[in-house]
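So the structure is just underneath, and the comments pick up after that.
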2 protein chains.
Amino acid sequence: MKDKKSYHHGDLRKTLVDTATDIIRGGGVESLSMRKLADQVSVSRTAPYHHFKDKNALLCAIAEQGFLLQDLTVKQMPADYPDFSAAALFEHYVLTYIRFANEHPETYDLMFGREIWKTGKPTESLKTISKSSFRRWVEWIAQLQQQDLFDRNEPALRIAQASWAALHGLCRLFNDGIYVNRDDLEAIAKTTVKMLIQPKK
Amino acid sequence: MKDKKSYHHGDLRKTLVDTATDIIRGGGVESLSMRKLADQVSVSRTAPYHHFKDKNALLCAIAEQGFLLQDLTVKQMPADYPDFSAAALFEHYVLTYIRFANEHPETYDLMFGREIWKTGKPTESLKTISKSSFRRWVEWIAQLQQQDLFDRNEPALRIAQASWAALHGLCRLFNDGIYVNRDDLEAIAKTTVKMLIQPKK
DNA sequence: CAAGCTATCTTGACAGTGTCAAAATAGAAT
DNA sequence: ATTCTATTTTGACACTGTCAAGATAGCTTG
């Protein structure tokens, strides 16, 4: 029950998610077909449907993995720079965030793209994991408000929404191929940070 | 040559773009199929291919229409409020922008989405029309810098990129179904504006 | 160990997609 | 009236997601 290693395939579910992620990394979501995926794993066309109700469900699983990876990336970040100022820490986070989006563009697309959230239907578990991720963001913003990085009079939620949208928009414009000059990414990100936070005094 | 009214169909090209736009409005880009579109226009499956090389080319045409419509919407805006302050004018523009995205979400998606810009290939004419649209944005930002709405020391291009990304991100989060509470849209937009512009003095 | 049961996987099938090639037709040009 | 070209159609191909029915593998019970 715990160790499924010697079943038909082994652990097909995990294999599917992993190779699907690989395929997507190479050619985008639109290059992923259930059939080709099954082929590549040496299994029949409909085998995956016993582990995922839908193609949508598979994509949700990939997105979940993405959130986990992002959490990992972020969590091991602020410890490295314990005596940064609030502003520096915020900028550092922003850069980490956009680098993540830049390095895993297709996963990022699934995490926050219409494919799942509008066209498809997000899994219950995906909804909870993404929701808790956003909640942490709001809480941190509230802290930074106390440190006068943002306007205290504005609700934390609003600032969180607005600032995340700014971040997200930047990621999207690069990921979607509208901003093409990759070298500008960090410079634009830094400008964004400067514009978002309040002047020192 | 000028009046194609009495040809096989009439002006098929225009009819295709229009009804395709309609279909998209109803069910998103993913609900548009070349075959159903041809059906709806009472023409055979492959007839559209003599007016558009590709499905992609059709989508580009819709996007172009979108840019034209956006231009129209924007152009008749600042005249109405001739004595607004720079800040008020900027906020007004932002609200107009996100309202446009909100009212034509599917067209907006095509104008700035990966469907065309990353996965597909933007038409030459689409590239030029969108480029000139962005250039106007940069020029306006440069003006607002002179009015101390933005930091003079920062390159206008950077500020234009960063601020547009913020706008765009907001539109996307709503359009893609991640921010769902439509009532918050304008509030978040106003917060965004407040955060982006420099304090009065 | 044998019988039954369930999780897993396969084969067959269907409706739908984009788009190419070849044929048919309508309208303009000669 | 004939030729030429712009437009539209029919047929075909390879591909997609996914449902229903059957086969098989492995665990669970007697």
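A note on names: the letters A, B, ... follow the listed sequences, proteins ahead of strands, and every chain is numbered from 1. FYI, side chains are in, hydrogens and waters are out, and symmetry mates aren't considered; it's all heavy atoms of this structure.
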Legend entry - Whole-Å distance separating the NZ atom of A/Lys36 from the P atom of D/dA14: 16 Å
Inset, instruction - Measure centre to centre between the rings of A/His92 and A/Tyr97, then say whether the value is under 6.0 Å. - result: no
Inset, instruction - To the nearest Å, give me how far apart CG (B/Asp39) and P (D/dT9) are. - result: 11 Å
Inset, instruction - Grab the CG-C1' distance between B/Leu37 and C/dG18 for me, whole Å please. - result: 13 Å
Inset, instruction - Verify side-chain hydrogen bond (donor to acceptor under 3.5 Å, both in side chains) between A/Glu154 and B/Thr191, making sure each step is shown before the conclusion. - result: CA-CA 8 Å; A/Glu154 207 77 11; B/Thr191 303; 3.1 Å; yes
Inset, instruction - Using a strict 4.0 Å threshold on nitrogen-to-oxygen distance, state whether A/Arg172 and A/Asp109 make a salt bridge. - result: yes
Inset, instruction - May I ask you to decide if the ring planes of B/Phe112 and B/Trp164 are parallel, tilted or perpendicular, using 30° and 60° as cut-offs? - result: perpendicular
Inset, instruction - Give me the bend of the helix from C/dC1-D/dG30 to C/dT30-D/dA1, using the axes of the five pairs at each end, rounded to 10°. - result: 10°
Legend entry - Salt bridge present between A/Arg158 and B/Asp184 (N-O < 4.0 angstrom): yes
Legend entry - Short N-O contact, A/Arg152 and A/Asp148, less than 4.0 angstrom: yes
Legend entry - Whether B/Ser31 side chain and B/Gly27 backbone form a donor-acceptor pair below 3.5 Å: yes
Legend entry - Note, B/Met195 side chain near A/Asp151 side chain (heavy atom, < 4.5 Å): no
Legend entry - Interface with DNA chain C, restricted to residues 45-56 of chain A and to heavy atoms under 4.0 Å: A/Arg45, A/Thr46, A/Ala47, A/His50, A/His51
Inset, instruction - Give the C-alpha distance, both sets of side-chain angles, the deciding distance and a yes or no for ring pair (Phe, Tyr, Trp, His ring centres under 6.0 Å) between A/His168 and A/Tyr108. - result: CA-CA 10 Å; A/His168 177 66; A/Tyr108 186 88; 5.7 Å; yes
Legend entry - Close approaches to DNA chain C from residues 15-33 of chain B, in residue order (heavy atom, under 4.0 Å): B/Leu32, B/Ser33
Legend entry - Separation of atom CZ in A/Arg13 from atom C1' in C/dA7, rounded to whole Å: 15 Å
Legend entry - Value in whole Å for how far the P atom of C/dT10 lies from CE of A/Met34: 14 Å
Legend entry - Distance flag, aromatic centroids of B/Trp137 and B/Tyr93, threshold under 6.0 Å: yes
Inset, instruction - State whether B/Arg114 and A/Glu30 are salt-bridged, where the test is any N-O pair (Lys NZ or Arg NE/NH1/NH2 against Asp/Glu carboxylate O) under 4.0 Å. - result: yes
Inset, instruction - Determine whether any donor atom in the side chain of A/Arg35 lies under 3.5 Å from an acceptor atom in the base of D/dT18, or the reverse, and answer yes or no. - result: yes
